[in-house]
Number of protein chains: 2
Amino acid sequence: MVSHKSKAEVIDLLASHGVNPTTQRIIVMQTILERCAHLSAEELYQIIEQSPGRRGVALATVYNTLSLFAEKGLVREVIADPSRVFYDPNTSPHHHVYNVTTGELIDVDADRIKVSGLPSLPPGTDLEGVDVIVRVRSPS
Amino acid sequence: MVSHKSKAEVIDLLASHGVNPTTQRIIVMQTILERCAHLSAEELYQIIEQSPGRRGVALATVYNTLSLFAEKGLVREVIADPSRVFYDPNTSPHHHVYNVTTGELIDVDADRIKVSGLPSLPPGTDLEGVDVIVRVRSPS
DNA sequence: CTAACTGCAAACGTTTTGCAACTTT
DNA sequence: AAAGTTGCAAAACGTTTGCAGTTAG
């Protein structure tokens, strides 16, 4: 499912989620879809900066744009490492394997992992999601 | 299971995990055990600073000490919020409910939640743990 | 023309680090 | 004395913010 979407498709995708498709937002979305990986804002910024024809997106704009995408459901924030937030273009329900030694993050389909016996939610709260992170270590 | 351990018990606990029981480490461990809650290093520092008879632990020492405790298995790091790490004195297997609105973190016994169908680990890696975080939101 | 968006730099909060001083044996 | 530990201040890190300037409908 490596999406190699055209610019027009990216514009539609943004628009369909209520996001005004500006030049910079299109660049950010195209880049994260192409890589189809778990990238931090900083990493994504570096990639964009080195892509010919895509320069001219400020680091702050990358942060703001990814944050907006997450809010609008276009990407998912993955909180696995205290030092950085990963952004995941895969928005279907799934979980992660995180290698604490290498920083590598791998998707696991949600229908592979079953979570049962969830507690009743605290009164007055709505469920936002269930994150499962399998932490592994590469022995040194 | 609210542990109100004596100083001698805390010293034994540290020593049994290979941690040299210095004055500051004893204070940090006593404080986190007493509160028996999920505290960030900063919060723990504030509490220690305001406890009579326990002043004199620098913020950097609190960070370093908690990090050491986590490494030695005396506390658990909980990564639920990108902006801060929580430290949990409950080291038995369990999971968490995290209220993204209030920042409140609640323990859930591991035997209540069942996780099945875990993927086989990537070659050359050892399992470190499985974290389940149920994210809830308080509607505004 | 106007509203929305971006770039930049500066601010922010958390965490780490360098190093001299201080314990403890 | 030697080894380990601490406090402090400063640095580092990822991230957010304020605002002037730009872009797009």
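Naming convention: chains lettered A, B, ... in sequence-line order (proteins, then strands); numbering from 1 in each chain.
A salt bridge links B:Asp81 with B:Arg84: the closest approach of a Lys/Arg side-chain nitrogen to an acidic carboxylate oxygen falls below 4.0 angstrom.
One finds a side-chain N or O of B:Thr61 lying less than 4.0 angstrom from the OP1 or OP2 phosphate oxygen of D:dG7. Residue A:Thr22 places none of its side-chain N or O atoms closer than 4.0 Å to OP1 or OP2 of D:dT23. For A:Asn20 and C:dC5, the shortest distance from a side-chain N or O to OP1 or OP2 is below 4.0 Å. OP1 or OP2 of C:dT15 lies within a sub-4.0 Å distance of a side-chain N or O belonging to B:Tyr63. Between A:Gln24 and the phosphate of C:dG7, there is a side-chain N or O to OP1/OP2 separation shorter than 4.0 Å. At least one side-chain nitrogen or oxygen of A:Arg25 sits closer than 4.0 Å to the OP1 or OP2 atom of C:dC5.
Under a 3.5 Å cut-off, the side chain of A:Thr65 and the backbone N or O of A:Thr61 do form a donor-acceptor pair.
Across all strands, A:Ser83 comes closer than 4.0 Å only to sugar-phosphate atoms, never to a base (heavy-atom distances). Residue-level contact check: B:Ser40 touches neither bases nor backbone, having no heavy atom under 4.0 Å from any strand.
One atom, CD1 of B:Ile79, and another, P of C:dT15, lie 11 Å apart when rounded to the nearest Å. If you measure from atom CD of A:Glu43 to atom C1' of D:dC13, you get 14 Å, rounded to the nearest angstrom. Look at CG on B:Leu44: it is 15 Å from C1' on C:dT15, rounded to the nearest Å. Atom pair B:Arg84:CZ and C:dG13:P shows a separation of 13 Å (rounding to whole Å applied). B:Tyr45 places its OH atom 13 Å from the C1' atom of D:dT6, with the value rounded to the nearest Å. Atom CD1 in A:Ile11 sits roughly 15 Å away from atom C1' in D:dG25 (whole-Å rounding). One atom, CG of A:Leu68, and another, P of C:dA4, lie 14 Å apart when rounded to the nearest Å. Going from atom NZ of A:Lys72 over to atom C1' of C:dA4 covers 13 Å, rounded to whole Å.
Nearest to the side-chain atoms of A:Ala60 among the listed nucleotides C:dT16, D:dT16, C:dT14 stands D:dT16.
Of the residues near DNA chain D, B:Val57 and A:Ala41, the one whose nearest nucleotide (by heavy atom distance) lies more toward the 5' end is B:Val57. Along DNA chain C, the nucleotide nearest B:Thr23 and the nucleotide nearest B:Asn64 are compared for position; the residue whose nucleotide lies closer to the 5' end is B:Asn64.
Taking the six-membered ring for Trp and thresholds of 30 and 60 degrees, A:His38 and A:His94 have ring planes inclined between 30 and 60 degrees apart.
Within 6.0 Å of NZ in A:Lys114 there are more than 12 heavy atoms belonging to other residues, nucleotides or ligands.
A donor and an acceptor atom, one from each side chain of B:Gln30 and B:Glu34, are nowhere located under 3.5 Å apart.
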